[in-house]
2 protein chains.
Amino acid sequence: MKTKADVIVKSSSTEERIKEAARKVFTQKGYAATRTRDIAEEAGLNLALLNYYFRSKEKLYDMIMIEAVQGFASRVIKIVNNEYTTFYEKTELMTENYMEFLIDHPGLPLFIINAMNDDPKKFFSKIGFKRPDSNVMIRQLVQILMEEEKKIHPINIMVNMMGMIVFPFLSAPIALKMGNVSKDEFIMVLEQRKKLIPVWIEAIIKSS
Amino acid sequence: MKTKADVIVKSSSTEERIKEAARKVFTQKGYAATRTRDIAEEAGLNLALLNYYFRSKEKLYDMIMIEAVQGFASRVIKIVNNEYTTFYEKTELMTENYMEFLIDHPGLPLFIINAMNDDPKKFFSKIGFKRPDSNVMIRQLVQILMEEEKKIHPINIMVNMMGMIVFPFLSAPIALKMGNVSKDEFIMVLEQRKKLIPVWIEAIIKSS
DNA sequence: GTCTATAACCTGATAGAC
DNA sequence: GTCTATCAGGTTATAGAC
């Protein structure tokens with residue numbers, strides 16, 4: 001029988017310690033700039049163990065990257081394909097959900113964007129992404145745009161929503177510098193965004 | 001006396017050919033992943049020449065990076081600090097100016113964002129960025145927010161504007177894939193954005 | 001499973017001929 | 001200025017002892 005203590009021990013097993021260190025270093029420095037030695041050191045282990053568990057730097061990276069994307073995607077899929085919420089309810093759910101998540105993982109957006117842009121074809125194949133014919137959220141958006149006789153391309157709305165959520169985490173250094181704000185103040189700015197993004201999306205649609 | 005032909009020859013001198021190749025490769029793969037050999041090959045030259053002209057990989061990178069940022073910044077500074085245009089005129093000028101520029105240089109945003117996030121302190125010191133006490137555009141924005149009694153932080157407006165302009169170029173692969181659009185169609189989507197971003201910014205301010 | 005030592009390879013930079 | 005050849009150092013991955 002497994003006790004709770006066993007589970008905790010298991011969850012910080014050597015394998016998991018390596019993955020955790022890899023997540024940290026890869027996210028911070030990107031694939032090319034991280035050395036396997038950095039990861040081993042960060043995990044408090046020896047370099048050879050890394051290859052014992054994961055065979056190669058690339059395989060370890062792939063695993064980290066795929067899990068990062070799936071952690072991201074799993075959140076969105078449930079919200080996006082729910083038939084019982086409206087489009088605007090979905091913007092609220094996505095904003096709330098992602099902003100919370102990203103405040104805890106501020107390096108993830110750039111990590112994923114780099115992985116994606118580095119080699120889009122490989123990226124989408126690795127994460128097993130299949131273009132959906134359509135999803136509920138986009139169908140609802142198209143419906144709204146049609147009813148309100150807006151000619152704007154739905155992509156432009158979706159890009160705005162994702163950008164509003166994600167872009168602050170990409171531009172934080174310059175925003176902090178230009179706005180002359182502290183990190184604590186920046187968190188408050190983000191909290192303000194969380195409430196406003198759904199309002200903004202609606203205003204954008206109405207004004208288009 | 002220098003003829004026009006001389007100038008053209010001069011502008012594709014060995015030094016300039018190396019820089020052009022470096023721009024292309026660094027922008028595409030980032031600092032760590034590019035090998036000096038890649039740049040030499042791209043320039044149709046051999047590796048030793050690269051060190052003859054630029055002494056090291058890092059010095060070459062710094063030069064490319066600084067010029068990229070300055071090409072970006074020089075455009076904005078003139079617009080942002082003009083006392084004779086309104087805030088909303090500035091949003092139009094910036095959108096128009098940047099979108100055109102980025103359609104021709106779609107890889108630049110990610111290149112600069114990576115350089116900045118990699119080591120913000122070093123980045124700002126290299127490009128010689130000094131925090132301005134304030135700039136005309138932000139002063140005008142603060143004025144508008146005050147008059148309309150909006151409590152929103154001006155950074156959130158500025159981040160939205162920059163994000164609306166830049167984010168499509170970071171998320172192009174996923175936008176193309178999810179929206180099931182071709183590259184030509186995506187250009188049209190961007191053209192549509194160009195007209196709408198200033199309208200959206202105004203709508204965002206009014207709704208905040 | 002974990003370690004040390006080392007193999008095999010790659011990369012930035014330079015020496016030296018032309 | 002431009003090239004080929006090469007060095008010196010670093011990196012991934014593995015062999016082999018424990």
Polar contact flag, side-chain donor to acceptor under 3.5 angstrom, B:Thr95-B:Lys194: no
At less than 4.0 Å, is any side-chain N or O atom of B:Asn46 found next to OP1 or OP2 of D:dC3? Yes or no. yes
Starting at atom OH of A:Tyr31, determine the distance to atom P of D:dT11, rounded to an integer number of angstrom. 14 Å
Would you please confirm or rule out a distance under 4.0 Å between OP1 or OP2 of D:dA13 and any side-chain N or O of A:Asn51? yes
Let me know the distance between OH of B:Tyr52 and C1' of C:dA15, rounded to the nearest Å. 15 Å
Between C:dG16 (P) and B:Leu49 (CG): distance, integer Å: 18 Å
Heavy atoms under 4.0 Å, any strand shown: does A:Tyr53 hit a base, just sugar-phosphate, or nothing? sugar-phosphate
Quick check against the 3.5 Å criterion: does B:Glu20 have a side-chain atom that pairs as donor or acceptor with the backbone of B:Ala43? no
When the distance from CD of B:Glu41 to P of D:dC3 is rounded to whole Å, what number comes out? 14 Å
Are B:Thr36 and C:dA13 close enough that a side-chain N or O sits under 4.0 Å from OP1 or OP2? no
Report the residue from A:Arg35, A:Lys24, A:Lys29 that forms a salt bridge (charged side-chain N to carboxylate O under 4.0 Å, His left out) with A:Glu42. A:Lys24
Integer-rounded Å distance: C:dA13 P and B:Leu45 CG: 17 Å
Using a heavy-atom cut-off of 4.0 Å across all strands, would you classify A:Leu47 as base, sugar-phosphate, or nothing? base
Return the value, rounded to whole Å, for the distance between atom NZ of A:Lys57 and atom C1' of C:dC10. 12 Å
Using only side-chain N and O atoms of B:Arg37, determine if any of them is under 4.0 Å from OP1 or OP2 of C:dT11. no
Among D:dA13, D:dC3, D:dA15, which nucleotide sits nearest the side chain of A:Ala48? D:dA15
Could you give the CG-to-C1' distance, from B:Leu50 to C:dA13, as a whole number of Å? 10 Å
Check the orientation of A:Phe26 and A:Tyr31. Use parallel for under 30°, tilted for 30 to 60°, and perpendicular for over 60°. parallel
A:Arg75 charged N/C atom sitting above A:Tyr98 aromatic ring, 6.0 Å / 45°: no
Can you tell me how far C1' of D:dG10 sits from CZ of B:Arg35, to the nearest Å? 15 Å
